[in-house]
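Take a look at the structure set out below.
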Amino acid sequence: MAFASFAEFIAMGGHATYVWAAWGVTSVLLAGCVLHARAERRQLMRSLARRERREQRLAARRGEATMESHQSGGES
Amino acid sequence: MPRGESRLIDDARLASRGEPRTGLAVAVWATLKRDLTQLARRRGDVLNPLVFFALVITLFPIGISPDPELLATIAPGLLWVAALLSALLSLDSLFRSDFDDGSLEQLLLAPHPLPMLGLAKVAVHWLLTGLPLALMAPVLGIMLSLPAGSYLMLAVSLALGSASLSLIGAIGAALTVGLSRGGVLLSLLVLPLYIPVLIFGAGAVQASILGDGAAAHLAILGALLALALMLAPWAIAAALRISING
Amino acid sequence: MWSFIHKLGSPKWFYGISARLMPWFWVAAAVLIAVGSVWGLAFAPADYQQGNSFRIIYVHVPAAFLAQSIFVSMAVAGVVFMVWKIKVADMAAAMMAPLGAAMTFIALFSGAVWGVPTWGTWWMWDARLTSMLILLFLYLGVIALRGAFTSRDSASRAASVLAMVGVINIPIIKYSVDWWYTLHQPASFTITSRPAMPTEMWLPLLIMVLGFYSFFIALTLMRTRSEILRRESSKRWVRELAVEER
Amino acid sequence: MTLRLQARKLACERDDRWLFEDLDLDIGGGEVVRVEGPNGSGKTTLLKILSGQLADYHGELLWNGEPMRDVRQVFLEGLLYLGHAPGVKVTLTPLENLRWYQALGGGAGGEQACLAALDEFGLAGFEDVPAGQLSAGQQRRVALSRLALSPRPLWVLDEPFTAIDRDGVAALEARLIAHARQGGCVLVTTHHELAASDVLTCIALGQGARDA
C-alpha cells in the first residue's frame, strides 16, 4: 500500500485536487455514457411498442371502415 | 342578412376588438417558444457557433506563438473578434428556414406589429448564440492565458454586446434572406456596423485588466444596446417586407 | 470468408450474436477497470519527480489511446460500409463517435490537470494536448456532419468519407504540431515522454488500458444494438421483438 | 355592413409587362371567387395584392369601403392567406405548428380546437409526428387545417388543392362552399375544375381583364 492511512490516500500528497478532478471527470463521463446508453435503449423499446400499438389500432379502425362500406352496400 | 353570416362577422369583429394588448404578448411568446423548441430539436445549429469559437481561438496560438505573455496581451481583442464572427455565423439561418417553408410570409400577415415579432426571433438568436458564447469565453480565456480579474468582465461585456450584435445582424439577415447566396453579402453588410460594439466590448475587458474603470465602457455598450433595441426592430420589419414581397 | 462478411452484415444476425458477446465485455471492463484503478491509485508507487499527481496517467493514457483508436475504428467501419455496403458497420461508426469525443475530452482534461502542478496554469500549449484538442474538433466535425443531413443514407456516406479523411490527417497533425511545439519551446519538459517506467507502475496502466478497451467494445455493441432496432424498426423481426419485450 | 373587398382600376406591371390593367373587383360575403388564367398570367400576384402583401400596384383597394392602408390591422385579423409554400415547420409536429398559428391569430380555442381541426383534415394519429416525416399532401393538410381553426371571414387560397388526394379535394370544395354560405368570402386560384354552384364566380386573367 503506497499510503500509510486512508486520509493520506485522499490527500494524495498535496495533489488531491488534481488527481481527484481528473479521476472524477473520467468516472462521471464513463458512467454517463453507460446510463445514456441504457436510457436510450429503454426509451427506444417504449416508442417501438407504442408505435406497434398505434399501428394495430389504425389497422383495426381501417378494418372496421371497410366492413361498414360493405354492409351499406355502397359499391364505390 | 342570414343569421349565419352575422355570427361569422361578429367572431371576426370580436377577435379584432378583443384585447389586442395580450394578443400581441401571446403571439410574441408563441413565436419565442416555437423557435426555442425548433432549435432544441436541431442541436447542431446551436453547437456549431460554439465549436467554431473554440476552433478559431485554437488557431491563433498555433499561428502566432504559444508564449503566454504574448497571448495575454492579444487575448481580449482576440476573444471578442472570435465571438463576433461566431455570432455572425449563425445569423444567416435566422430567417432562412422560415423563408424557405413559407412561415415567414405568414409571420408578415399576422395582425400584430411585425417589429415585435421580429424582436422575438432576435431574442431567440441571442439566447441560443450570444449568451452561450459569453458563458464559454472565460474557458477559452484560460487557453489564451487571459490575465486574472478580467474573466467576469469578459463574460458580462460579451453578453451585453452580443445582444446588440444580434439586433444589428438581424437587419442584415432580413435584407439578405431573399437572396440565394446571401451568406457572404450578409457579413459584408453587417461587420462595419459591428465595429463600435467591438471597440467598447474589447475596451471593457482591456480596462478591467489595467484595473481602471471598465464601467464607462459597459455604459456605452448599454447605450448602444438601447439604441439598437429602439431602431433595429423597425429596420428588420422593413427589410423583411422588402425581401418577401420583392 | 465472403459469405461470413455478409452474414456479419445482416443486422438481425449481428443483433443475436452481440447479445451473447456483450455481457462478457461488460464483466471484463468492470473487473479490469476496478483492479487497475485500485492498483494505480493506492498501490503503485508515486513518481519521484511529480509525486502523486503522476497517478493521473492511469486515466490519461488509456483515454488518449482509446481516443485515437476509436477514430481509426470509425474510419475502418466507414471503409467497410462504403466498400461492402454493410449497414451494421455504419451503425457502429455512428455510435462510436460520441464515445470517442468523450474519451478525447477525458484525455484533454486529465492532461491539462496533470500539468497544473508543473506549469502552474490550467492550460499549456503542449504538443500532445494541442493534437488532442484538434482530434476533439475532428470528432465534433464528424458528429455535426452526421447530424446535419435529413436523409440517413447520405449522412452515413458523408460521415464515413470525413472519418477516412480525418484518420489520414491524424498523423500529419501530430507531427506538424510536434514540430511547431519544438519550434517555440525547444528545451522544456513535456510530461508524457518518460523514461521506461518500472513494472509496478506500467502493469496497472496496462490493465487500465485493457479495461478501457473492453468498455469501449461493450458500450459500442450495446449502442449499435439500439441503432439496429431504430433503423430496422419497420422490419417484422423488430416489431415482434418490440411487442415481446414489453 | 358585411365584408366587402373592392378594387378600382387595379393594374400591376411586372418587369415592364402589364399582368393586368384597370381591373375592377367588388367581392362581398357569400361568394367563392375563382381566379383563372394560364401560368404566368399574374394570378398569385393578384392574390398577394388583394391580401395586402404587395404595395407596388396601381389603382385603389377598399376594405369595407375604407382604403386598405388605413384599416390594415383590422383587415389582417379577418384574413387567412395560404400561399404556395404550406408554411409548416418540418422539425415541429402538426400540433405545434397549429398552436403557433392559433397564437398568432389571438390564441382562442386552446389545444382542443387544434386537435379537432387536425382530425377534420384527416390527420388523426399524426398530431405528434414531426412534420418532416409527413408526405407533401399531409403537410398541405396541416396548413389547410387552419381553415377549421380560426374564424376568419376572408380566405385567400393560392392553389390549395395541390398534392391533395381525391377525397381531400371533395371535402375541401364542400368546406369552401359552406364557408361562403355562412357569409364568408373565398378567393382561390386552382387548376382543379370547381363544381358550378350559386356562390361561384370567376375572374379570368391573361386575356384582358373582364369585369367581375
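So you know, we letter chains A, B, ... as the sequences are listed, proteins then strands, and number each from 1.
Within 6.0 Å of atom CZ in F65(C), 12 or fewer heavy atoms from other residues, nucleotides or ligands are found, so the atom counts as exposed in its surroundings. With a 6.0 Å radius and a threshold of 12 heavy atoms from other residues, nucleotides or ligands, W237(C) has its CH2 atom above the threshold.
Between the CD1 atom in I106(C) and the SG atom in C33(A) there is a gap of 7.0 Å [rounded to 0.5 Å]. Atom CH2 of residue W23(A) and atom OG of residue S37(C) lie 4.0 Å apart, to the nearest 0.5 angstrom. To the nearest 0.5 Å, atom CZ of residue R223(C) and atom CD of residue E40(A) are 4.5 Å apart. For the atom pair R225(C) CZ and L44(A) CG, the distance stands at 11.5 Å (nearest 0.5 Å).
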*Should V113(C) and T17(A) be marked as a side-chain contact (heavy atoms from CB on, under 4.5 Å) after you check the CA-CA gap, both sets of side-chain angles, and the distance that decides it?*
CA-CA 9 Å; V113(C) 161; T17(A) 44; over 6 Å; no
*Audit row: L229(C), M45(A), side-chain contact (heavy atoms from CB on, under 4.5 Å) steps and yes/no*: CA-CA 8 Å; L229(C) 293 183; M45(A) 295 311 278; 3.5 Å; yes
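In this structure the side chain of R55(C) never reaches within 4.5 angstrom of the side chain of H15(A), judged on heavy atoms. Contact of the L41(C) side chain with the V19(A) side chain is registered, since non-hydrogen atoms from C-beta on lie closer than 4.5 Å. L30(A) is listed as a side-chain neighbour of M103(C), based on a closest heavy-atom distance under 4.5 Å. Residues N52(C) and Y18(A) are not in side-chain contact: their nearest non-hydrogen atoms beyond the backbone lie 4.5 Å or more apart. Taking the side chain as every heavy atom from C-beta outward, L48(A) and R230(C) never approach each other to under 4.5 Å.
Of all the listed residues (F212(C), F109(C), W26(C)), the one sharing the greatest number of non-hydrogen pairs under 4.5 Å with chain A is F109(C). Per-residue heavy-atom pair counts under 4.5 Å with chain A were compared for P117(C), A102(C), S110(C), P98(C), and the maximum is reached by P117(C). Across Y58(C), W39(C), F43(C), the residue that shares the most heavy-atom pairs under 4.5 angstrom with chain A is F43(C).
Residue S226(C) comes nearest to R41(A) through the heavy atom pair OG-CB, 3.7 Å, listed as atom of the first residue, atom of the second, then distance. Residues V34(A) and F215(C) come closest through the heavy atom pair CG2-CE1, 3.4 Å.
Contact of A46(C) with chain A is not made at all, since no heavy-atom distance falls under 4.5 Å. Of the atoms belonging to R46(A), not a single heavy atom falls under 4.5 Å from chain C. Of the two parts of A112(C), neither the backbone nor the side chain holds a non-hydrogen atom closer than 4.5 Å to a non-hydrogen atom of chain A. At a 4.5 Å heavy-atom cutoff, the contact between L219(C) and chain A is made by side-chain atoms alone.
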